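Atom set for the values below is all heavy atoms of this structure, side chains included, hydrogens, waters and symmetry mates excluded. Treat the numbers as computed from the prediction; the structure is a model and nothing was measured. The residues of the chain are indexed from 1 along the displayed sequence.
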Amino acid sequence: MLSQIVSALGVVVFAVFACSAYFYFSNKLLDLALPVKDGDIRAASRNLNRRALIRPWLFIGPALFLLFVYLVYPVVATFILSFYDRTGLQFVGLANYKWAIGDREFRQSIFNNILWLAVVPAACTFFGLVIAVMTDRIWWGNIAKSIVFMPMAISFVGASVIWKFIYEYRGGNDVQIGLLNAIVQLFGGTPEVWISVPFWNNFFLMVILIWIQTGFAMVILSAALRGIPEETIEAAVIDGANGWQIFWRIMVPQVWGTIAVVWTTITILVLKVFDIVLTMTNGQWQTMVLANLMFDWMFRGGGDSGRSAVIAIIIMLAVTPIMVWNVRRANRELKGH
């Protein structure tokens, strides 16, 4: 543990030093390459203008390079790879896309992803908004918010392990240690292997992501609710509005933009959901989603780079419109201000 901490600190110190050295020496080189001499005012003015044009690129250049290497290049390479066979050497045209359309497992993954998209963002946003409103009205609201937000600090794999104990099933006459089966047994029901029940097991997996992301939605929406002018709420109360009317007709419309941002952010996360399904079911019992299917085809039978690339492209195409909408909406808000 100590060696890992020392290594991490060493990397941080080195990275900070390297960045500082890069910015310092690149600026020095720029000043040397475009000197400002007192004797020639015209040349000095021209070099100053050139410096002003080049200097910003010295700062954003490394970021653009990393963006190209780790984002643009992989996207282009994946798209090209989707037209090749499992080895990535023989061109097969649209064969991989035709396979995807006709594959039953792929269609099941699409259906499951749509199911996740219909439930998880709506549930997280709704519960986050309700909790944000309720905790603002009680004296121990900050404590409640901390408890709700706590799962955000847990990794998806860690959260899945926790919920595995909740859904745990023991066969025969063994005592049920799973919380859900213990409750079912307490009320005279029959214990079940919940995560193996087709269709419904998807909802049991969704609960894990809802449990994690509700805290995120709550924090963002709580900050937005605090931005609503108190005069608006007081005027509504004076006009005779009850709590329900204030919530739906005053609060929700005024934080609708924030609700949309939270919704779309969680939607993007859902399209990439992977760890929870892999840890809980490994895609068995009709729980496969696109990210897991892509990972599966990367290694199935030695790996199929063409088919896994097709699935990756489809995931990216699904995410892109949401990201574009978010960016355009942010630009509109900036222009509005």
Quiz item: Do you know the tightest heavy-atom contact between Ala159 and Ile208?
Solution: CB-CG2, 4.0 Å
Quiz item: If every non-hydrogen atom of Ile276 is compared with every non-hydrogen atom of Leu205, which pair is closest and at what distance?
Solution: CG2-O, 4.0 Å
Can you find a pair of side-chain heavy atoms, one from [X] and one from [Y], that are under 4.5 Å apart?
| X | Y | result |
| --- | --- | --- |
| Arg86 | Arg307 | no |
| Asn96 | Phe83 | no |
| Phe216 | Thr265 | yes |
| Val193 | Trp285 | no |
| Ile131 | Met134 | no |

So does [Y] get a backbone contact from the side chain of [X], meaning a donor-acceptor N/O pair under 3.5 Å?
| X | Y | result |
| --- | --- | --- |
| Lys164 | Thr279 | yes |
| Tyr97 | Ser82 | no |
| Asn112 | Met288 | yes |
| Asn113 | Val289 | no |
| Asp103 | Glu105 | yes |
| Asp85 | Leu89 | yes |
| Gln284 | Thr281 | yes |
| Asp304 | Trp297 | no |
| Asn181 | Glu168 | yes |
| Asp296 | Asn292 | no |

Look at atom [atom1] of [X] and say whether more than 12 heavy atoms of other residues, nucleotides or ligands are closer to it than 6.0 Å.
| X | atom1 | value |
| --- | --- | --- |
| Phe156 | CZ | yes |
| Phe199 | CZ | yes |
| Phe91 | CZ | yes |

Quiz item: Parallel, tilted or perpendicular for Phe59 and Phe23, by the 30°/60° rule?
Solution: parallel
Quiz item: Measuring from Trp116:CH2 to Leu290:CG, what's the distance to the nearest 0.5 Å?
Solution: 12.5 Å
Quiz prompt | Test log, rule side chain to side chain donor-acceptor pair (under 3.5 Å), inputs Tyr84 and Ser305 | solution = CA-CA 8 Å; Tyr84 284 78; Ser305 56; over 6 Å; no
Quiz item: What do you reckon, are the aromatic ring centroids of Tyr167 and Trp163 less than 6.0 Å apart?
Solution: yes
Exercise. Flag yes if Val255 and Phe126 sit in one hydrophobic cluster, no otherwise; membership is Ile, Leu, Val, Met, Phe, Trp, Tyr, and two members link when side-chain heavy atoms are under 4.5 Å apart.
Key: yes
